[in-house]
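Positions are given from 1, in the same order as the sequence printed here.
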Amino acid sequence: MRPAVFLGLPLGKAFEQKLAPRYTILTDPARKGEAEALVTIGAVEMGAEFFDTMPKLKLVCCFGSGYEGVDIEAATARGIKVANTVGANAATVADLAIALLLASVRQVVAADRLTRAGKWRGDNPAPLLFLRGLTGRKVGIVGLGAIGMKIAKRLEGFETEIAYHGRSEKRGVPYRYFPDVLSLATWADTLILAHRADETNRHMINADVLAALGAKGHVINISRGSAIDEDALIDALKNGTIAGAGLDVFENEPEPRTDLITLPNVVVTPHIGGGSSEAIEAMGDAVIANLDAFFDGKPLPNPVTS
C-alpha cells in the first residue's frame with residue numbers, strides 16, 4: 001500500500017505528478033488523519049493538539065528552510081520526524097536580497113514614482129544624484145548559511161567589504177566574524193538578515209542596533225519579520241537614524257503595518273524571496289527526496305530532527 005501524504009498547501013500539478021506514482025495524495029482536510037506524512041510550510045503552528053488530529057503522522061516536510069511553527073519537542077515525543085528543504089531556494093532568496101539592497105540604497109522606487117509623475121526636470125531628482133551607492137559599503141550579513149553565503153558571493157561583485165555574525169565562526173570563509181549583532185552593526189553601514197529566525201533571536205534588530213548602523217545605514221530582511229522590532233524600525237526610518245530599509249518579511253503577515261509600509265524610505269515585497277520557478281521546482285524535488293528517503297528507511301537528506 002502506498003504511503004498517504006497530506007498536502008497542506010497547493011504545490012501545483014507538476015509536483016503532484018511527480019508525487020503520484022509512489023504516494024496517495026490527500027488534499028481534503030477531512031482526510032488528513034489518514035496521512036503518514038505532511039507537506040506544509042514552517043510558519044504553520046504545529047503543536048501537540050495539531051499532531052493529535054493526525055494520529056498516523058510520521059513525517060513533517062516543511063516546504064522551505066523555516067520550521068519555526070513546529071513544536072519540535074511535541075513532534076519528537078510522538079516519534080514524528082521533521083525535515084525541510086534548506087538550500088533549495090538559496091540562490092533565489094539571495095537574488096531578492098541584492099535587489100532590495102540596490103532598490104533601497106539607490107531609492108529606485110522613489111525614482112520610478114518621480115519619473116511616472118512627470119517630475120524628471122527641475123529640483124525633484126536632484127537628491128537622488130547624491131546618494132551613497134553600494135561600492136565600498138561595509139555589509140554585515142546576519143547568518144552565513146546557504147543563503148547568506150550566496151548573498152556574500154554576489155556582494156563581492158559590487159566591491160563591498162563583507163563581514164558576518166552567526167551562531168559560531170565558520171572555518172575557511174574569507175569574511176570577518178563578529179560575535180554579536182551590535183558589534184557587527186557598529187562596523188557596518190548595511191545589514192542583511194539571512195539567519196534562521198526563532199524565539200531566541202526575536203527583535204534582535206532593536207533601537208540600539210539601528211543606532212549603531214548609522215544615518216547612512218540600510219537594513220535588508222529576507223529572514224523572518226520577527227527579527228526586527230518594527231516599532232524601533234519605524235522610529236529609525238522617520239527620525240533619520242538610518243537611511244532606509246528593504247523588507248520581504250513582516251511581523252504581521254499578510255497584513256503588514258500601514259505605518260511601516262507607507263514610509264517613503266522603505267522598499268517592500270510580499271514575502272516572495274523564495275519564489276521563482278526554478279526555486280519552487282527545486283524545493284518540490286527536495287520534499288520528494290525527503291519522503292523517498294524516509295519511507296525507504298534511509299537518512300533524511302535535510303533533517304531538522306535526528
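In this structure, the side chains of F250 and L260 come closer than 4.5 Å at one or more pairs of heavy atoms. Inter-residue side-chain proximity for F295 and R2 is flagged as unmet; no heavy-atom pair is nearer than 4.5 Å. In this structure, the side chains of W120 and L114 stay at 4.5 Å or more apart for every pair of heavy atoms. Side-chain contact between V209 and L191: present, with at least one pair of heavy atoms (C-beta onward) separated by less than 4.5 Å. Two residues are said to be in side-chain contact when any heavy atoms from C-beta on lie closer than 4.5 Å; L233 and L237 meet this criterion. Residues L193 and I228 form a side-chain contact, since some pair of their non-hydrogen atoms from C-beta on lies under 4.5 Å apart. Residues V5 and T24 have side chains not in contact (no heavy-atom distance under 4.5 Å, counting atoms from C-beta outward). Contact annotation: the side chain of I272 approaches that of L96 to within less than 4.5 Å [non-hydrogen atoms, C-beta and beyond].
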- Full working for side-chain hydrogen bond (donor to acceptor under 3.5 Å, both in side chains) between D198 and T200: CA-CA 5 Å; D198 56 33; T200 66; 2.4 Å; yes
- Message: Pair Y177, Y164 - check ring pair (Phe, Tyr, Trp, His ring centres under 6.0 Å), show working.
- Response: CA-CA 5 Å; Y177 174 75; Y164 74 100; 5.2 Å; yes
- Residues S183, D180; criterion side-chain hydrogen bond (donor to acceptor under 3.5 Å, both in side chains); working and verdict: CA-CA 6 Å; S183 60; D180 56 75; 3.0 Å; yes
- Give the intermediate values and the outcome of side chain to side chain contact (heavy atoms under 4.5 Å, CB included) for residues R167 and N201. CA-CA 11 Å; R167 296 177 188 272; N201 49 45; 4.0 Å; yes
- Query: Step by step, would you call E45 with D71 a side chain to side chain contact (heavy atoms under 4.5 Å, CB included)?
  - Reply: CA-CA 8 Å; E45 294 293 330; D71 185 332; over 6 Å; no
- Task: Start with the C-alpha gap between K18 and E281, add the side-chain angles, then the distance that decides, and say whether side chain to side chain contact (heavy atoms under 4.5 Å, CB included) holds.
- Result: CA-CA 11 Å; K18 290 182 179 180; E281 182 177 3; 3.6 Å; yes
- Take I41 and C62 through the test side chain to side chain contact (heavy atoms under 4.5 Å, CB included) and record every step on the way to the result. CA-CA 5 Å; I41 55 174; C62 294; over 6 Å; no
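T269 and D248 share a side-chain donor-acceptor pair at under 3.5 Å. No hydrogens or angles considered: nothing links the side chains of E16 and Y23 as a donor-acceptor pair under 3.5 Å. Between the side chains of R196 and Y67, at least one donor N or O sits under 3.5 Å from an acceptor N or O.
Here I222 contributes atom CD1 and H195 contributes atom NE2; the two are 9.0 Å apart, rounded to the nearest 0.5 Å. With rounding to the nearest 0.5 angstrom, the CD1 atom of I147 is 12.0 Å from the CD1 atom of I192. Between the CG atom of N290 and the NZ atom of K81 there is a distance of 12.5 Å, given to the nearest 0.5 Å. With rounding to the nearest 0.5 angstrom, the CG atom of L57 is 7.5 Å from the CZ atom of F50. Note that OG1 of T305 is 9.5 Å distant from CD1 of I80, once rounded to the nearest 0.5 Å. Atom CG in D208 sits 12.5 Å away from atom CG in L213 (nearest 0.5 Å).
Both I25 and F294 belong to a single network of hydrophobic side chains, linked directly or stepwise wherever heavy atoms of I, L, V, M, F, W or Y lie under 4.5 Å apart. In this structure, W187 is not a member of the same hydrophobic cluster as L134, with clusters built from ILVMFWY side-chain heavy atoms closer than 4.5 Å. The hydrophobic cluster containing I98 does not contain L247, counting ILVMFWY residues as joined when their side-chain heavy atoms lie under 4.5 angstrom apart, directly or transitively. The hydrophobic clustering, which links ILVMFWY residues whose side-chain heavy atoms are closer than 4.5 Å, places V181 and F178 together. By the criterion of side-chain heavy atoms lying less than 4.5 angstrom apart, applied directly or through intervening Ile, Leu, Val, Met, Phe, Trp or Tyr residues, V142 is not grouped with L155; the two fall into different hydrophobic clusters.
For the residue pair K150 and A94, the shortest heavy atom distance occurs at CB-CB, 3.8 Å. Closest non-hydrogen pair, I280 versus G274, comes out as CD1-O, 4.2 Å. For A35 against M54, the heavy-atom pair with the smallest separation is CB-CE, 3.9 Å. Nearest approach of F51 to V60, heavy atoms of both residues: CE2-CG2, 4.1 Å. What you find for A212 and T186 is that their closest heavy atoms are CB-OG1, 3.6 Å. Contact detail for A286 and N302: the closest heavy-atom pair is CB-OD1, 4.4 Å.
Counting heavy atoms of neighbouring residues, nucleotides and ligands inside a 6.0 Å radius, atom CZ of R202 exceeds 12 of them. More than 12 heavy atoms of other residues, nucleotides or ligands sit less than 6.0 Å from atom NZ of K32. Residue E253 qualifies as enclosed at atom CD: its count of foreign heavy atoms under 6.0 Å is above 12.
With salt bridges taken as basic N to acidic carboxylate O contacts below 4.0 Å, one links E68 and R224. Salt bridge R78/D52: present, at least one basic N to carboxylate O contact under 4.0 Å. Between D189 and K138 there is no salt bridge, since none of the side-chain N atoms of the basic residue sits less than 4.0 Å from a carboxylate O of the acidic one. In summary, R154 and D95 engage in a salt bridge, as defined by a charged side-chain N under 4.0 Å from a carboxylate O. Salt-bridge check for K58 with E36: passed, with a basic side-chain N closer than 4.0 Å to an acidic carboxylate O.
In terms of modelled atom types and a separation under 3.5 Å, the side chain of N89 and the main chain of T92 share no donor-acceptor contact. Listed for the T85 side chain is a donor-acceptor partner under 3.5 Å among the backbone atoms of G64. In terms of modelled atom types and a separation under 3.5 Å, the side chain of N221 and the main chain of S223 share a donor-acceptor contact. A donor-acceptor distance shorter than 3.5 angstrom exists from the side chain of R137 to the backbone of G133, with no hydrogens or angles considered. The main-chain N or O of A279 is found under 3.5 Å from a side-chain atom of S276 such that the two form a donor-acceptor pair.
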Exercise answer: donor-acceptor pairs, residues 99-109 side-chain atoms, under 3.5 Å, sequence neighbours excluded:
| unit_1 | atom_1 | unit_2 | atom_2 | d |
| --- | --- | --- | --- | --- |
| S104 | OG | H218 | ND1 | 2.7 |
| S104 | OG | A245 | N | 3.4 |

